[in-house]
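Sending over a structure as structure tokens; questions will come in a sec.
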Amino acid sequence: MTTQVVLPKLGNSVESSIIVAWLKQPGDRVEAGEPICTVETDKSTLDVPSTASGILLQHLAKVGDDVAVQTPIAVIGDAAPPTQLKSASEPPAISPRALKLAQEHDLDPSQIAGSGPGGRVIERDVRAHIEGRREESTRMTPVARAMVERGGYIAPERGSGPGGRITKEDLIPVADPAQPREPAVPSGDYEVVPLSGIRRAIAERMRASLQSTAQLTLHAGADARALLAYREKLKASDESLGLRQVTINDLVMFAVARTLPQFPALNATFAGGELRQYARVHLGFAVDTPRGLLAPVIRDAGSLSLKQLAEAAKALAADAVAGKLAPDALAGGTFTVTNLGSLGIEHFTPILNPPQVAILGVGNIHLKPITLEGTGEVTFVPHLGLSLTVDHQVVDGAPAAKFLQALARNLAQIELLLAM
């Protein structure tokens with residue numbers, strides 16, 4: 001008796017995953033619930049558990065394969081004689097009907113994954129392979145196909161669309177012979193860097209964000225004297241209070257979470273023509289990871305104390321860097337904060353994280369000249385750079401400016417905000 005292990009749906013928005021490593025090899029004993037491979041989704045890296053106990057008879061996917069969810073990836077069965085155990089590179093025995101069908105279509109049976117007993121290739125496996133080959137010839141959007149047929153473009157082997165489908169953005173222009181061509185760059189002068197599942201997803205989201213929204217960015221600054229003074233108090237506090245590790249960014253996120261409920265137009269999402277304004281703040285925050293930029297979400301951030309928010313942010317950031325975030329930890333945000341202040345950036349233009357309608361960019365703390373009231377004297381005061389991008393389709397400039405004004409005021413008197 002054999003059981004196929006299928007790639008589970010690892011989150012509501014996950015459609016496929018890349019096999020990163022096999023933790024169990026053909027011939028290994030596995031128990032139900034024991035991880036057999038590691039996969040990378042467009043958001044995190046996770047282990048896939050076996051759904052049955054027995055001997056792993058065959059891998060149905062190779063490391064590097066992008067596999068759709070609910071697709072079989074391995075075969076688990078009863079103990080088999082050593083001569084029957086085969087690796088993914090060795091073909092299992094072929095049934096006569098399967099062999100005949102493979103020969104009719106000029107197929108190499110050793111290249112077909114088997115789903116029969118012991119990983120044996122049977123007729124339905126050959127038929128599925130034939131259908132898959134037919135799908136390959138149509139893995140192009142209608143627009144992309146028309147552009148290729150008209151000439152001037154060629155299609156790559158794999159596209160950036162779902163399941164590797166080739167879109168018009170993936171097409172490679174063919175140089176016009178009548179036009180002068182630039183000299184070819186020697187291949188030794190560059191390195192081809194393949195996009196991982198997460199990096200590819202980030203690229204697609206950034207492009208989709210700019211194509212589907214009308215982005216407007218407003219820049220402002222907040223008096224940072226109170227922030228810096230309060231941060232010094234926290235650093236000098238009793239270690240048992242657990243407040244020494246609270247950062248300036250934690251204080252900013254706390255102020256954002258407490259300010260947003262007064263501005264529901266910004267604590268909102270816009271998708272499918274529907275604008276949703278939320279009563280609670282689910283605050284996303286950008287984390288730089290080895291696999292790219294991720295934005296885990298702090299649930300109900302507006303109801304958390306400063307310490308609770310800081311602890312939640314620290315735990316989520318650690319999981320994001322380690323690649324251990326559950327996919328759902330990246331979903332459901334209503335507003336996002338991204339901070340480049342530690343890299344010396346004063347102001348920048350953050351890109352929306354759709355379907356959210358607003359994102360706050362936080363810059364560094366820098367000296368800004370101000371005129372003292374009554375004396376006319378000019379002095380320099382530390383200010384925190386703030387850059388707010390909104391979707392101008394549903395958020396006007398005035399509400400966005402008023403939110404920035406209120407946020408700057410709350411940051412300038414952070415201890416009063418903490419007391420409320």
Side-chain angles (χ1 to χ4, degrees), residues 220-262 267 280-289 294-322 325 329 333 335-348 350 359-368 370 379-388 403-420:
D223 188 326
R225 287 176 292 184
L227 274 178
L228 293 171
Y230 191 70
R231 173 75 179 96
E232 288 304 313
K233 287 183 181 179
L234 295 176
K235 288 167 64 176
S237 65
D238 191 296
E239 189 172 0
S240 64
L241 297 176
L243 296 172
R244 292 185 179 180
Q245 301 307 313
V246 174
T247 66
I248 292 291
N249 198 53
D250 294 330
L251 288 165
V252 172
M253 290 197 294
F254 178 85
V256 168
R258 295 302 174 93
T259 306
L260 267 178
Q262 305 162 44
N267 189 43
R280 296 184 294 176
V281 178
H282 303 305
L283 189 63
F285 66 104
V287 178
D288 185 24
T289 79
L294 298 178
V297 177
I298 302 173
R299 309 290 173 189
D300 291 318
S303 66
L304 301 180
S305 68
L306 174 61
K307 182 180 179 181
Q308 290 171 328
L309 186 147
E311 290 174 345
K314 189 174 279 73
L316 285 168
D319 284 348
V321 171
L325 272 182
F335 187 96
T336 296
V337 173
T338 177
N339 192 329
L340 292 179
S342 63
L343 299 177
I345 303 301
E346 293 185 7
H347 295 281
F348 59 103
I359 181 171
L360 179 72
V362 181
N364 68 355
I365 294 177
H366 54 277
L367 292 176
K368 178 181 177 181
I370 65 169
T379 188
F380 287 86
V381 172
H383 271 69
L384 178 70
L386 301 174
S387 302
L388 178 70
F403 166 76
L404 269 181
Q405 188 179 53
L407 177 63
R409 184 168 57 250
N410 285 336
L411 289 169
Q413 45 193 20
I414 189 67
E415 291 197 59
L416 289 180
L417 184 65
L418 287 161
M420 294 175 64

Student check: side-chain heavy atoms of Phe285 and Val256 closer than 4.5 Å
no

Which atom of Pro350 lies closest to which atom of Ser387, heavy atoms considered
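Reported closest heavy-atom pair: CG-O, 3.7 Å.
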
Ala226: which residues meet the side-chain contact (heavy atoms from CB on, under 4.5 Å) condition with it, sequence neighbours left out?
Ile414

Minimum heavy-atom distance between Ala255 and Leu417, given as atom pair plus value:
CA-CD2, 3.6 Å

Short question: side chain of His282, backbone of Asp300 - any donor-acceptor pair under 3.5 Å?
yes

Kindly write out the residues that satisfy side chain to side chain donor-acceptor pair (under 3.5 Å) with Gln245, not counting sequence neighbours, or none if the list is empty.
none

With a 4.5 Å heavy-atom cut-off, do Leu228 and Pro382 have their side chains touching?
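In contact.
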
Taken to the nearest 0.5 Å, the spacing of Leu309 CG from Lys314 NZ works out to 10.0 Å

By ring-ring contact (aromatic ring centres under 6.0 Å, His included), which residues pair with Phe335, not counting sequence neighbours?
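If we apply the ring-ring contact (aromatic ring centres under 6.0 Å, His included) test to Phe335, skipping adjacent residues, the hits are Phe403.
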
Using 0.5 Å steps for rounding, measure from the CG atom of Leu241 to the CG atom of Leu234.
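So the gap between those two atoms works out to 9.5 Å.
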
Looking at Leu384 and Gly363, what are the two nearest heavy atoms and their distance?
CD1-O, 3.3 Å

Hey, are the side chains of Arg258 and Asn410 touching, using non-hydrogen atoms and a 4.5 Å cut-off?
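Heavy-atom side-chain distance check fails, nothing below 4.5 Å.
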
For Leu388 and Leu386, run side-chain contact (heavy atoms from CB on, under 4.5 Å): C-alpha distance rounded to whole Å, both residues' side-chain angles, the deciding distance at 0.1 Å, then the answer.
CA-CA 7 Å; Leu388 178 70; Leu386 301 174; over 6 Å; no

CD1-CZ distance between Ile298 and Phe254, expressed to the nearest 0.5 angstrom
12.0 Å

Closest non-hydrogen atom pair between Ala301 and Leu283, with its separation
CB-CB, 3.8 Å

Sort and list the pairs that fulfil salt bridge (charged side-chain N to carboxylate O under 4.0 Å, His left out) and have at least one residue in residues 234-245, not counting sequence neighbours.
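Pairs touching residues 234-245 that pass the test: Glu232-Lys235, Glu239-Arg244.
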
Nearest heavy-atom pair of Asn364 and Gly344: which atoms, and what distance?
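Distance-wise, the nearest heavy atoms are ND2-O, 3.5 Å.
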
Sequence neighbours excluded, which residues qualify as side-chain contact (heavy atoms from CB on, under 4.5 Å) partners of Ala320?
Val287, Thr289, Leu294, Leu325

For residues 339-348, which residue pairs pass the side chain to side chain donor-acceptor pair (under 3.5 Å) check, not counting sequence neighbours?
Asn249-Asn339

Distance from Asn267 atom CG to Thr259 atom OG1, nearest 0.5 Å?
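Here the rounded value is 11.5 Å.
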
Mind checking what makes side chain to side chain donor-acceptor pair (under 3.5 Å) contact with Arg409, not counting sequence neighbours?
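Arg409: no side chain to side chain donor-acceptor pair (under 3.5 Å) contacts found.
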
List in chain and number order the residues that pass side-chain contact (heavy atoms from CB on, under 4.5 Å) with Leu416, two or more places apart in sequence or in another chain; answer none if no residue qualifies.
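In terms of side-chain contact (heavy atoms from CB on, under 4.5 Å), with neighbours along the sequence ignored, Leu416 is linked to Gln413.
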
What distance separates Thr338 OG1 from Leu360 CG, expressed to the nearest 0.5 Å?
9.0 Å

Which residues satisfy the side chain to side chain donor-acceptor pair (under 3.5 Å) test with Glu415, sequence neighbours excluded?
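Counting only residues at least two positions away or on another chain, Glu415 forms a side chain to side chain donor-acceptor pair (under 3.5 Å) with Lys233.
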
Sorted by chain and number, sequence neighbours left out, side-chain contact (heavy atoms from CB on, under 4.5 Å) with Ser305 holds for Lys307, Gln308

Between Pro261 and Val281, is any pair of side-chain heavy atoms under 4.5 Å apart?
yes

Look up atom CG in Leu418 and atom CG in Leu306, then write down how far apart they are to the nearest 0.5 Å.
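Atom-to-atom, Leu418:CG and Leu306:CG are 6.0 Å apart.
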
Salt bridge (Lys or Arg N to Asp or Glu O under 4.0 Å) against Asp288, all qualifying residues, sequence neighbours excluded:
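Salt bridge (Lys or Arg N to Asp or Glu O under 4.0 Å) check on Asp288 returns nothing, list empty.
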
With sequence neighbours left out, write down each residue that passes side chain to side chain donor-acceptor pair (under 3.5 Å) with Arg225, or none if nothing qualifies.
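Once residues adjacent in sequence are excluded, the partners of Arg225 under the side chain to side chain donor-acceptor pair (under 3.5 Å) criterion are Asp223.
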
Can you confirm whether Arg231 is buried at CZ, in the sense that more than 12 heavy atoms of other residues, nucleotides or ligands lie under 6.0 Å from that atom?
yes

